[in-house]
Amino acid sequence: MKIHRVQTTPFSDQKPGTSGLRKKVKVFRQPHYLENFVQAVFDVRPSLKGGVLVLGGDGRYFNREAIQIILRMAVANGVARVIVGQGGILSTPAASCLIRKYTTQGGLILSASHNPGGPDEDFGIKFNTPNGGPAPEKVTGEIHERACEITHYRIADIPDIDLDTPGRTTVGPMGVSVVDSVNDYAELMQSRFDFDRMKALFQDGRFSMRFDAMHAVTGPYARRILEDMLGAPAGTVMNGQPLEDFGKGHPDPNLVHAKDLVDALYTDDGPDFGAASDGDGDRNMILGRQFFVTPSDSLAVLAANAHHVPGYAKGIRGIARSMPTSQAADRVAEKMGIECFETPTGWKYFGNLLDAGRATLCGEESFGTSSDHVREKDGLWAVLFWLNLLAVRGESVADIVRDHWRQFGRNFYTRHDYEGVDVAQAEAAMNQVREQLDSLKGRRFGNFTVALADDFAYTDPVDGSVAEDQGLRALFNDGARLVFRLSGTGTAGATLRLYVERYEADPERHDQDTQEALAPLIDIAEEIAGIRTHTGRDAPTVIT
């Protein structure tokens with residue numbers, strides 16, 4: 001086995017974003033591009049030398065080729081063993097599960113999450129630390145700093161590894177274990193949920209569901225767990241075969257991109273329960289018959305009902321949510337007498353809270369929900385939680401959510417995404433808001449008066465680290481909120497996001513149309529930010 005020391009020069013665009021490095025496939029396929037970033041990881045994580053690395057991805061275009069490159073670099077950098085998902089497939093939560101279960105020194109996850117895949121689309125890579133979670137900013141900063149000064153990388157001259165046959169092999173001094181991608185994750189799910197209760201739900205023939213895997217990574221997991229283990233009828237999982245281009249679809253589980261699922265649920269005789277997951281399996285969308293559950297409400301409902309589920313029957317220690325996520329979970333935490341944390345967007349900010357035992361359930365409005373069982377958001381976990389809840393309560397999704405609103409009130413909530421916006425136009429809208437922050441307090445807009453306007457900053461209660469510039473907020477006297485952010489997950493142009501929220505205590509008003517209920521605040525947002533003026537867009541690309 002020959003090891004090469006390849007001379008290289010840095011690339012100027014290898015700063016990880018919200019969750020890793022994401023670029024177009026063509027960027028990653030440039031000579032030395034992927035190798036530079038991977039070498040930077042090895043250089044700043046010395047524990048990987050002589051350690052164990054988990055490796056896999058969502059199966060998108062370039063996944064298998066990238067895995068072979070990383071394996072050649074791993075042996076050249078002294079990694080003792082690599083655990084690879086069969087076929088190169090590992091959902092992001094399953095990778096976190098493996099890192100934690102086998103006490104590895106970390107993992108490399110190949111995914112651009114919910115972004116499209118294919119030769120002309122997106123690819124991504126991120127490093128997860130030994131706790132199983134995304135690298136915190138300190139670590140991603142070190143990786144970026146090293147990538148900016150790199151002069152060479154190490155790679156071995158070895159043949160491709162067979163990724164399709166489970167088993168162990170040896171490559172020089174390094175062991176490679178190709179593992180069934182689903183087994184360990186399914187075992188973990190069995191430890192959290194009542195599989196017998198859920199299985200009985202399908203056996204009486206009166207309950208039906210549909211799960212849209214969107215031709216992404218969750219297909220094999222959903223088929224194994226829902227159809228094989230729980231006995232859901234064959235065909236319950238739709239679009240279950242992972243494809244390199246996700247069937248030319250956009251694997252983002254929302255009302256627009258999961259249209260076939262939504263159409264199936266919005267019929268009089270549709271399934272009782274519907275769900276979808278995204279490219280790498282960490283996001284979820286929850287539907288009842290003719291009823292959409294916002295991710296913010298989903299987190300609050302699961303927290304309020306956690307005692308119904310075996311893995312959380314003894315209670316939860318706390319709830320954490322990203323700042324743009326609605327305050328519905330806060331009301332649950334207050335009633336339960338537990339802590340509730342408001343963090344920046346990005347799952348990495350939940351890691352310290354989970355590790356310190358101060359939070360049990362976490363959620364982001366961007367269709368991410370999970371718990372302390374892993375250190376990533378987990379789409380299928382959320383679906384199983386809802387399924388377990390439906391089995392125990394014997395009510396419909398809509399009835400469970402409406403009952404929750406009667407107990408806690410309803411936080412009307414929406415997110416407007418303006419995707420693929422010219423970067424200068426998006427920044428102009430944000431700057432217009434930013435320039436008004438000092439003058440907005442006390443300003444009246446119709447029936448709403450601004451109580452606070454700021455650029456959200458977060459001090460981690462565990463390690464004291466500070467994250468600034470995390471989103472522009474206008475908070476009103478009655479608790480209503482407007483939040484403006486630029487997304488950090490895209491690869492082309494900018495995605496400008498507007499979040500709108502208003503609380504309603506009166507049950508007689510809970511069935512209002514969300515956009516109508518929030519229309520006055522949406523108009524105020526336009527007055528403050530001038531999004532339509534700056535972008536030339538008449539309407540958002542996606543409304544959730």
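All values below were derived from every heavy atom in this structure, side-chain atoms included, with hydrogens, water molecules and symmetry-related copies excluded. The shown structure was predicted, so the numbers you read here are calculated from the model rather than taken from an experiment.
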(request) Please determine if E35 and R72 form a salt bridge, counting it only when a charged side-chain N lies under 4.0 Å from a carboxylate O. (result) no
If only side-chain N and O atoms count, and only distance matters, is there a donor-acceptor pair under 3.5 Å linking H152 with R5? yes
Scanning both residues in full, the closest heavy-atom pair of V25 with Y61 reads CG1-CD2, 3.8 Å
Looking at K138 and E142, is there a salt bridge between them, counting it only when a charged N and a carboxylate O are closer than 4.0 Å? yes
**Prompt:** Do the side-chain N and O atoms of D282 and T92 include a donor-acceptor pair separated by under 3.5 angstrom?
**Reply:** no
### Message
Do R283 and H114 pair up side chain to side chain, a donor and an acceptor below 3.5 Å, judged on atom types alone?
### Response
yes
| query | Are D43 and K49 close enough for a salt bridge, meaning some N to O gap below 4.0 Å? | reply | no
Salt bridge or not between D212 and R210? Use side-chain N to carboxylate O under 4.0 Å.
no
Check: Is a salt bridge present between E187 and K101, judged by a nitrogen-to-oxygen distance below 4.0 Å?
Finding: yes
Y312 and S371: CA distance, side-chain angles, deciding distance, side chain to side chain donor-acceptor pair (under 3.5 Å) verdict: CA-CA 10 Å; Y312 310 93; S371 83; 2.6 Å; yes
Taking atom types as modelled, find out whether T8 and N36 have a side-chain donor-acceptor pair closer than 3.5 angstrom.
-> yes
F273 and L265 have their tightest heavy-atom pair at C-CD1, 4.0 Å
Should R64 and D160 count as an ion pair when the cut-off is N to O under 4.0 Å?
-> no
Classify the side-chain pair Y33/D13 by whether it contains a donor and acceptor separated by less than 3.5 Å. yes
For residues D184 and Y102, is any side-chain donor paired with an opposing acceptor at under 3.5 Å? yes
- prompt: Do the charged groups of K24 and D122 touch, with an N to O distance under 4.0 Å?
  reply: yes
